[in-house]
Amino acid sequence: MQHQRLWKIDTMNEGTLFIISAPSGAGKTSLVAEILKLVGNIKASVSHTTRACRPGEQDGVNYHFIDQPLFKNMVENNAFLEHAEVFGNYYGTSEQWVRDTLAMGTDVILEIDWQGAAQTRRQFPGSKSIFILPPSIQALEARLNKRGQDDSSVISQRVAAAKDEMSHYGEADYVMVNDDFQVALAQLKALILGENGHSSAMVDEALISNLLS
C-alpha cells in the first residue's frame, strides 16, 4: 500500500527539532521509520556509534559506525550535540548536521535517551520532546525477546535500564503509549504536524505505576 505523504507547513524559516526518547523495545525506531514515509520536509539524525553493525543495518543509514579512537577524537573536538555510553558502546549526535539541517528549514527527529534529551533541550529550547512508553513491562520484555538480538542476561539489563529511563517520562513535553502501533503512529504524526497531542498528564497513573514497579 502506498502511503500518502503529508507536509508540515511552518511559518518559521528554521525547522523544528523533535526529540524522541523511549526505552529499548518501546518501538520508537519503527515509529520514526514510518513517520519519515508519511511526513515531508523532515529528516532523522543518524547517530555515530562504536557498536558493531547488526545484520540488515547499513553504515550511514542506521548509524555511522566508527571505532572508539575516532569517537573520542570527535568528543574532544566538541563535534557532538550529545553523547552517551550505553551497554559499553558509545553513541553521539552530530551538532553541525542538526544545526545545518534546521537552518535549511527542514525538521529534524532525534532518537536519543533521556540524558541526551535533557542536554539537547538546554541547547534547543524551542524543540519538542516526546517520550514513548510501552503498554507494560511484560510487553517490553516480549518485544526484546522477539528481536532475537540479545541473550537473556542482556535483555534483563535492558529491562532494568528501561525502568530507570521511564522514570524520566515527565521531563518530556508529550508522552504517548505504543500499545497499538497504528494508533501510536497517528498520535506521533499529529504531534509533528502540530495537531492536538497528548500531554504527560493524560497518561494513566496505573500504567506508570506498573511500568516503574
Side-chain angles (χ1 to χ4, degrees), residues 14-33 35-36 42-54 56-104 106-133 140 144 147 149-150 154-155 157-175 188 192:
E14 188 168 284
T16 300
L17 178 60
F18 295 95
I19 305 167
I20 299 184
S21 302
S24 180
K28 69 178 182 300
T29 300
S30 297
L31 286 167
V32 168
I35 284 295
L36 295 175
I42 191 167
K43 293 182 179 180
S45 173
V46 179
S47 297
H48 291 70
T49 184
T50 61
R51 80 158 169 77
C53 182
R54 292 171 178 166
E57 292 182 331
Q58 297 180 44
D59 183 45
V61 176
N62 303 97
Y63 288 95
H64 296 292
F65 295 98
I66 61 176
D67 58 24
Q68 286 200 18
L70 178 55
F71 191 97
K72 290 179 180 178
N73 181 261
M74 293 179 73
V75 171
E76 291 170 0
N77 286 283
N78 299 312
F80 294 128
L81 174 63
E82 57 81 32
H83 61 89
E85 180 183 358
V86 182
F87 299 114
N89 296 306
Y90 295 92
Y91 297 81
T93 300
S94 169
E95 180 172 356
Q96 191 64 53
W97 184 90
V98 171
R99 292 192 182 277
D100 287 349
T101 305
L102 291 173
M104 290 188 294
T106 301
D107 293 339
V108 171
I109 290 181
L110 292 186
E111 292 182 59
I112 50 180
D113 65 11
W114 71 269
Q115 291 171 309
Q119 293 176 41
T120 305
R121 280 195 299 269
R122 286 194 291 269
Q123 297 189 59
F124 291 86
S127 62
K128 295 183 179 180
S129 55
I130 303 162
F131 202 105
I132 301 172
L133 295 169
L140 183 73
L144 291 172
R147 286 180 178 179
Q149 296 174 342
D150 301 307
V154 173
I155 289 175
Q157 290 177 359
R158 290 190 181 278
V159 171
K163 291 184 178 181
D164 177 65
E165 178 141 359
M166 288 186 293
S167 69
H168 297 273
Y169 77 96
E171 298 169 13
D173 298 315
Y174 303 95
V175 181
L188 183 57
I192 289 172

So, Asn62 and Gln58: side-chain donor and acceptor under 3.5 Å apart, yes or no?
no

Between Ala172 and Arg121, what is the shortest heavy-atom contact and its length?
CA-NH1, 4.4 Å

Contact summary for Leu70 and Asp67, nearest pair of heavy atoms
N-OD1, 2.9 Å

Is a side-chain donor or acceptor of Gln123 paired with a backbone partner of Thr120 at a separation under 3.5 angstrom?
no

Under 3.5 Å donor-acceptor, Thr50 side chain and Gln68 backbone:
no

Any idea which heavy atoms bring Asp164 and Trp114 closest together, and the distance?
OD2-NE1, 4.0 Å

Sole residue of Trp97, Tyr91, Phe80 in ring-ring contact (aromatic ring centres under 6.0 Å, His included) with His48
Phe80

Would you say the ring centroid of Tyr169 lies under 6.0 angstrom from that of Phe131?
no

Electrostatic pair Glu76-Lys72, nearest N-O below 4.0 angstrom
no

Contact between Arg51 and Phe87 at the side-chain level, heavy atoms closer than 4.5 Å - yes or no?
no

Compare every heavy atom of Ile19 with every heavy atom of Ser127, then report the nearest pair and how far apart it is.
OG-CD1, 3.5 Å

From CG (Leu36) to CG (Leu31), nearest 0.5 Å
11.0 Å

Ser129 and Glu171: side chain donor to acceptor below 3.5 Å
no

Verdict with supporting geometry, Leu102 and Phe124, side chain to side chain contact (heavy atoms under 4.5 Å, CB included):
CA-CA 11 Å; Leu102 291 173; Phe124 291 86; 3.7 Å; yes

Step-by-step side chain to side chain contact (heavy atoms under 4.5 Å, CB included) determination, Glu111 to Thr29
CA-CA 8 Å; Glu111 292 182 59; Thr29 300; 3.0 Å; yes

Checking side-chain polar atoms at under 3.5 Å, does Thr93 have a donor or acceptor matched by the opposite partner on Glu82?
yes

Rounded at 0.5 Å granularity, tell me how far CD1 in Ile20 sits from CD1 in Ile130.
5.0 Å

Which distance, rounded to the nearest 0.5 Å, do you find between the CD of Glu95 and the CE of Met74?
11.5 Å

Run Ile42 and Val108 through side chain to side chain contact (heavy atoms under 4.5 Å, CB included) and show every step you take.
CA-CA 6 Å; Ile42 191 167; Val108 171; over 6 Å; no

Least distance between heavy atoms, Ile112 atom then Ala117 atom:
CD1-N, 3.5 Å

Please round to the nearest 0.5 Å and tell me the distance separating atom OG of Ser45 and atom CG of Leu81.
8.0 Å

Test log, rule side chain to side chain contact (heavy atoms under 4.5 Å, CB included), inputs His168 and Gln115
CA-CA 9 Å; His168 297 273; Gln115 291 171 309; over 6 Å; no

Write down the atom of Asp113, the atom of Glu165, and the distance for their closest heavy-atom approach.
CA-OE2, 3.4 Å

